[in-house]
Amino acid sequence: MTTTTAGGGKPNLAVVGATGAVGGVMLSLLSARQDVWGEVRLIASPRSAGRTLTVRGRETTVVALDEEAFEGIDIAMFDVPDEVSAQWAPIAAAKGAIVIDNSGAFRMDDDVPLVVPEVNAAAARLRPRGIIANPNCTTLSMIVAIGALHSEFGLRELVVASYQAASGAGQAGIDALREQTARVAGTAVGEQAGDLRRVIGDTGPFPAPLALNAVPWAGSLKADGWSSEELKVRDESRKILGLPNLRVSATCVRIPVVTTHSLAVHAVFEREVSRQRAQEILAQAPGVVLYDDPEKGEFPTPNDVVGTDPTWVGRIRHSLDDPNALDLFLCGDNLRKGAALNTAQIAELVAAELTG
């Protein structure tokens with residue numbers, strides 16, 4: 001059972017999946033952010049147990065994922081595959097931990113809140129299963145900015161094209177992009193043009209070569225030709241914003257960038273909008289950086305944004321055809337706000353609740 005009671009001691013935290021790519025980012029965030037934790041316990045698969053990692057300046061030994069690993073834990077942050085979360089998050093919750101899960105296992109469960117602290121922080125308190133879900137990294141790369149605009153203008157429709165980094169496919173995606181880039185480096189232009197499959201060979205987790213290319217596919221195949229990533233953008237945006245009938249159309253594309261997702265968004269609102277007012281709102285919005293001066297060549301790119309926490313927004317344009325619509329371009333580091341940071345922010349909300 002949990003050991004922390006309201007009014008005092010720091011809650012104990014477990015990081016499940018501590019040795020993964022997002023887990024590594026999580027540990028660096030825990031060291032950099034305000035220390036609100038008692039014990040920080042690192043949990044991973046049995047093959048990773050016994051490894052030593054540094055967290056908050058202390059060497060900490062990784063323990064194996066089992067029921068005993070959650071004894072005395074108040075909050076558990078999960079960054080593991082869907083099937084592992086589906087099995088172990090309810091076990092951790094039954095042991096008394098509040099689970100914040102970064103997988104897709106519980107996002108659309110009616111009894112599990114889907115939380116972005118800048119948008120719907122209050123939802124984190126309503127968790128009948130003891131589990132809080134973290135949205136998909138693509139949704140997270142845009143929803144803080146879109147949520148701020150929705151609060152002012154009332155969102156009605158989104159048309160989204162995402163340009164997603166290789167790291168969205170995990171370490172295998174990063175490794176594949178690096179290997180492919182090395183293979184095409186130094187090849188003749190004629191070999192690159194139209195013959196990438198022969199030069200690259202194995203495309204790894206991608207259905208086509210990613211180096212020197214754009215691949216209009218991310219996720220798994222769903223009905224009517226949609227991909228799972230595209231449906232996540234629709235379904236998660238609706239749930240986070242509390243707009244079950246929001247019209248959303250998304251096309252997800254992989255591009256040869258290691259980290260940071262980008263999105264081109266056409267947003268239609270209930271009320272008339274202006275570029276100037278949208279810029280004012282986004283300049284003041286928590287978790288957003290406005291970088292929008294095309295006359296000076298200032299607009300966000302993945303290279304600008306990687307390693308930073310906020311969503312960066314630029315290329316804001318008032319629609320030429322609809323007074324209620326805006327077009328804009330956003331970038332967000334998919335391993336930080338898109339995964340580890342949002343999870344950490346939710347955990348801090350719950351920690352404040354437990355100790356308040």
Side-chain angles (χ1 to χ4, degrees), residues 2-18 20 22-43 53-58 60 70 72-80 85 89 92-93 95-103 106-107 112-127 129-137 139-141 143-144 147-148 240 285-289 307-311 332-356:
T2 69
T3 57
T4 301
T5 57
K10 293 181 176 181
N12 295 327
L13 176 71
V15 180
V16 184
V22 175
V25 177
M26 182 67 70
L27 299 189
S28 68
L29 286 172
L30 290 174
S31 298
R33 294 176 68 82
Q34 182 180 1
D35 186 4
V36 299
W37 306 110
E39 178 189 357
V40 176
R41 191 174 302 168
L42 307 184
I43 302 174
L53 301 174
T54 302
V55 57
R56 300 186 302 175
R58 292 193 290 271
T60 304
F70 297 103
I73 292 299
D74 300 291
I75 300 172
M77 300 190 297
F78 274 62
D79 187 72
V80 292
S85 282
K95 299 288 285 187
I98 297 168
V99 173
I100 298 123
D101 180 46
N102 194 38
S103 83
F106 302 99
R107 288 175 185 151
V112 175
L114 185 64
V115 175
V116 180
E118 297 91 338
V119 180
N120 65 337
R125 291 179 173 268
L126 305 173
R127 44 177 191 267
R129 296 189 62 182
I131 301 171
I132 302 168
N134 197 54
N136 176 262
C137 53
T139 307
L140 271 169
S141 295
I143 203 67
V144 175
I240 295 163
V288 174
V289 168
T308 69
D309 290 339
T311 294
D333 187 316
N334 55 297
L335 298 183
R336 294 183 74 85
K337 181 58 177 176
L341 175 62
N342 199 73
T343 307
Q345 289 174 309
I346 298 171
E348 290 165 3
L349 279 178
V350 176
E353 176 189 338
L354 295 180
T355 57

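We count residues from 1, following the sequence as given.
- Here the straight-line distance linking atom CG of L354 with atom NZ of K10 works out to 14.5 Å at 0.5 Å rounding.
- Residue I346 forms a side-chain contact (heavy atoms from CB on, under 4.5 Å) with just one option from I100, I98, I75, and that option is I100.
- A 4.5 Å side-chain heavy-atom check between I73 and R41 finds at least one atom pair inside the cut-off.
- A salt bridge links E348 to R33: one of the charged nitrogens lies within less than 4.0 Å of a carboxylate oxygen.
- Exactly one residue among N102, V15, V80 makes a side-chain contact (heavy atoms from CB on, under 4.5 Å) with V22. That residue is N102.
- Minimum heavy-atom separation, P135 to V115: CD-O, 3.4 Å.
- For S31 against G57, the heavy-atom pair with the smallest separation is OG-N, 4.4 Å.
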task = May I have the step-by-step check of side-chain contact (heavy atoms from CB on, under 4.5 Å) for R58 and V40, ending in yes or no?
result = CA-CA 10 Å; R58 292 193 290 271; V40 176; 6.0 Å; no
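- Residues P113 and L126 fail the side-chain proximity criterion, which asks for heavy atoms closer than 4.5 Å.
- Contact record, V144 with P286: CG1-O, 3.3 Å, taken as the closest heavy-atom pair.
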task = Given side-chain contact (heavy atoms from CB on, under 4.5 Å), test V116 with N134 step by step and report yes or no.
result = CA-CA 7 Å; V116 180; N134 197 54; over 6 Å; no
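- Crowding of R125 atom CZ: a count of heavy atoms from other residues, nucleotides or ligands under 6.0 Å not exceeding 12.
- Taken to the nearest 0.5 Å, the CG atom of L13 stands 4.5 Å off from the CE atom of M77.
- With respect to D309 and K337, no salt bridge is recorded, no charged nitrogen being found less than 4.0 Å from a carboxylate O.
- A donor-acceptor distance shorter than 3.5 angstrom exists from the side chain of D35 to the backbone of W37, with no hydrogens or angles considered.
- Minimum interatomic distance between E118 and N342 (heavy atoms only, all atoms of both residues): OE1-OD1, 4.4 Å.
- Side-chain contact between T60 and T54 is absent, with no heavy-atom pair separated by less than 4.5 Å.
- Between L114 atom CG and N120 atom CG the span is 7.0 Å, to the nearest 0.5 Å.
- Here the straight-line distance linking atom CE of M26 with atom CG of L335 works out to 11.0 Å at 0.5 Å rounding.
- Remark: S85 OG to R107 CZ distance equals 9.5 Å, nearest 0.5 Å.
- The shortest non-hydrogen separation linking L349 to A121 is CD1-CB, 3.9 Å.
- Distance alone, capped at 3.5 Å, places no donor-acceptor pair between the R129 side chain and the F106 backbone.
- Note: D101 CG to T343 OG1 = 8.5 Å, rounded to the nearest 0.5 Å.
- Between A89 and V99, the closest heavy-atom pair is O-CG2, 3.6 Å.
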